[in-house]
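Just below is one structure, and these are the notes that go with it.
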2 protein chains.
Amino acid sequence: MKGNPTHPLNPEKSGDLTRSEESKQRILLAGTAIFAQKGLEGSRVDEIADEAHINKRMIYHYFESKENLYVEVLRYNYTKLYTRGSSVIQSGTDPEIVIKQAIREYFYYLAEHDEFVRLMSWEALNQEKYANRVLPQLIDPAEPVLRQFLQVGQQAGLIRKNIDIRHLLVSVNALCLVYFSRREMLQTFWKEDIMAPSMLEERLTHIQDIIFNGILNYGEEEM
Amino acid sequence: MKGNPTHPLNPEKSGDLTRSEESKQRILLAGTAIFAQKGLEGSRVDEIADEAHINKRMIYHYFESKENLYVEVLRYNYTKLYTRGSSVIQSGTDPEIVIKQAIREYFYYLAEHDEFVRLMSWEALNQEKYANRVLPQLIDPAEPVLRQFLQVGQQAGLIRKNIDIRHLLVSVNALCLVYFSRREMLQTFWKEDIMAPSMLEERLTHIQDIIFNGILNYGEEEM
DNA sequence: TAAGTAAGTAACTAGTTAGTTACTTTGTTT
DNA sequence: AAACAAAGTAACTAACTAGTTACTTACTTA
């Protein structure tokens, strides 16, 4: 439990952040790393303090409790994804291109954010106990936009009429997520490196192949 | 920490099991329930002892350590699935029917075995640390059988030639698993009960629709 | 520059838990 | 039925950890 002994206000590194905001930020990043690795129960507050180069007392000062820090770590990370997500949907041109692009963005977001994949997995096992405190606020405004977008895609004939859009969303999520959330399992049985760029591109192609040839009306038969 | 005070050897209830085998069995079942719910770290040995109606000391007598009990709980539960799985594959008639049946069996196995879904999820977060001690023994003999079966399906023209069978397996697994492993999340946003029989059948139909219309050569266009 | 406040620190406490010890009870074999 | 082994028990301990207390240092503003 060392804490950062000097800690001068460093305008170069901290930008516009005040010292306290910079400390909070460091705690959130450390919390993300540790909680993603070990979950709420498995993580030690002392460890997070060390990782953040801050005294444990300050975690209680800024976040009140371990549990509350965990919720704020979830909020921080979900917000990052949803902010990015909305910008993709809003760039509304051709639905087909937007759908393909959205799947690609989501897939590579997961590929590059192991902590996010793991935080979601911990929350699934927590029965979404903590995520439910932050997710509705984020999803409720986004949901009608997404739903309407997909309905337009359906009415334009791109998505088959008999497909339930909710299942489609679950399936896209599943096809992307499981590749990462179970990657140690896959890696046990695959020779190639699961995370190699060429393998990622192969997986994405497979997903788009399933979704577009299985669900969407995608021009002529082409096999 | 009561333990079972009377515990007469009860041949009616225990069948062929000796008393010690029956105790081991009770510990494994209790371990399955508690570890599935709370994971390795979150579970308390005292709690497992209570659930098994046995003294904690006996857990150490039969299983040596909490960690080792966890591994044996994994072995017990994976073995149950794999035993069932092999019998489906071996009933080798029409590949199309067998594939459909295998997906249905797996899907409903997961639907009925929440503890199994959760044990797998904990292991994913453990980077398969403990599952890797038992899985290869189970999968290694089954793998060539499955692979050859799928290759026959591919050569018979049922599965498109340009589909990587490994990705196909990951995808089927993903489409089934995520519906259950994230069900609290889905339930937050869906009105209907995710686990209602009609909803399960709907999900399975959707999965088979994706797989058969997207991946397999499934007769004529039918939409 | 003095006073007040925000940020940071070290040492402690109260509660918890995996694993052990020293023991008793139950069942089996000769 | 006596001797022995298997199964079961209660109470303990050593290690750990979330959260607190009483304090010092750094920064800001009048």
Side-chain angles (χ1 to χ4, degrees), chain A residues 1-14 16-28 30-31 34-35 37-73 126 130, chain B residues 1-14 16-28 30-31 34-35 37-73 126 130:
Chain A
M1 202 156 32
K2 266 183 275 204
N4 187 326
T6 54
H7 245 306
L9 201 150
N10 182 347
E12 238 173 327
K13 198 197 163 192
S14 60
D16 285 29
L17 297 176
T18 66
R19 186 152 161 223
S20 71
E21 276 166 338
E22 203 230 349
S23 291
K24 272 193 234 179
Q25 181 79 6
R26 277 212 319 282
I27 295 171
L28 283 173
I34 305 291
F35 283 136
Q37 200 51 47
K38 312 191 174 183
L40 174 56
E41 288 235 40
S43 298
R44 302 293 154 236
V45 178
D46 286 310
E47 204 180 358
I48 295 171
D50 277 4
E51 176 84 17
H53 298 296
I54 206 164
N55 188 281
K56 177 166 67 159
R57 184 65 187 81
M58 300 318 288
I59 291 178
Y60 289 95
H61 182 240
Y62 291 124
F63 294 97
E64 288 170 60
S65 68
K66 184 191 184 185
E67 192 175 294
N68 194 55
L69 171 60
Y70 181 71
V71 172
E72 292 309 313
V73 164
N126 289 335
Y130 304 101
Chain B
M1 206 160 24
K2 263 182 280 201
N4 186 326
T6 53
H7 245 309
L9 202 150
N10 181 348
E12 237 173 327
K13 198 193 164 193
S14 62
D16 285 29
L17 296 176
T18 67
R19 187 153 159 224
S20 71
E21 276 166 338
E22 204 230 348
S23 292
K24 272 193 234 178
Q25 182 80 6
R26 278 211 318 281
I27 296 171
L28 283 174
I34 305 290
F35 283 136
Q37 200 51 46
K38 312 191 174 182
L40 174 56
E41 288 236 41
S43 299
R44 302 294 153 235
V45 178
D46 286 310
E47 204 180 357
I48 295 170
D50 277 4
E51 176 84 16
H53 298 294
I54 207 165
N55 188 280
K56 175 165 69 157
R57 183 65 187 80
M58 299 317 289
I59 291 178
Y60 289 95
H61 182 239
Y62 291 123
F63 295 96
E64 287 170 60
S65 68
K66 182 190 184 187
E67 192 176 295
N68 194 54
L69 171 59
Y70 181 71
V71 172
E72 291 310 315
V73 164
N126 289 335
Y130 303 101

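Chain letters run A, B, ... following the sequence lines, proteins first, then strands; residues in each count from 1.
For the pair M58(A) CE and dT24(D) P, the computed distance is 17 Å after rounding to whole Å. To the nearest angstrom, C1' of dA18(C) lies 15 Å from CD of E41(A). Between the CG atom of L40(A) and the P atom of dT17(D) there is a distance of 14 Å, given to the nearest Å. Rounded to whole angstrom, the span from the CZ atom of R26(B) across to the P atom of dG8(D) amounts to 7 Å. Remark: P of dG8(D) and NE2 of H61(B) are 9 Å apart, rounded to the nearest angstrom. Atom CD of E47(B) and atom P of dT17(C) are 9 Å apart (whole Å). Rounded to an integer number of Å, the gap from L69(A) CG to dG19(D) P is 11 Å. Computed from coordinates, the I54(B) CD1 to dA10(D) P distance equals 13 Å when rounded to whole Å.
No side-chain heavy atom of L69(A) sits less than 4.5 Å from a side-chain heavy atom of V45(A).
In this structure, E64(B) has no side-chain hydrogen bond (donor to acceptor under 3.5 Å, both in side chains) partners at least two apart in sequence or on a different chain. For Y70(B), the ring-ring contact (aromatic ring centres under 6.0 Å, His included) partners are F35(B), Y130(B), not counting sequence neighbours. In this view, Q37(A) and R118(A), Q127(B) satisfy the side chain to side chain contact (heavy atoms under 4.5 Å, CB included) rule, not counting sequence neighbours. The salt bridge (Lys or Arg N to Asp or Glu O under 4.0 Å) search around E51(B) returns none, not counting sequence neighbours. Take E41(B) and apply the side chain to side chain contact (heavy atoms under 4.5 Å, CB included) test, not counting sequence neighbours, and it matches R44(A).
The side chain of S23(B) contributes an N or O atom lying less than 4.0 Å from OP1 or OP2 of dG8(D).
Nucleotide dT5(C) forms a Watson-Crick or G-U wobble pair with dA26(D), both donor-acceptor distances falling under 3.5 Å.
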Distances for protein N/O vs nucleotides 20-23 of chain C N/O pairs under 3.5 angstrom?
{"from": "dT21(C)", "atom 1": "O4", "to": "R57(B)", "atom 2": "NE", "distance (Å)": "3.4"}

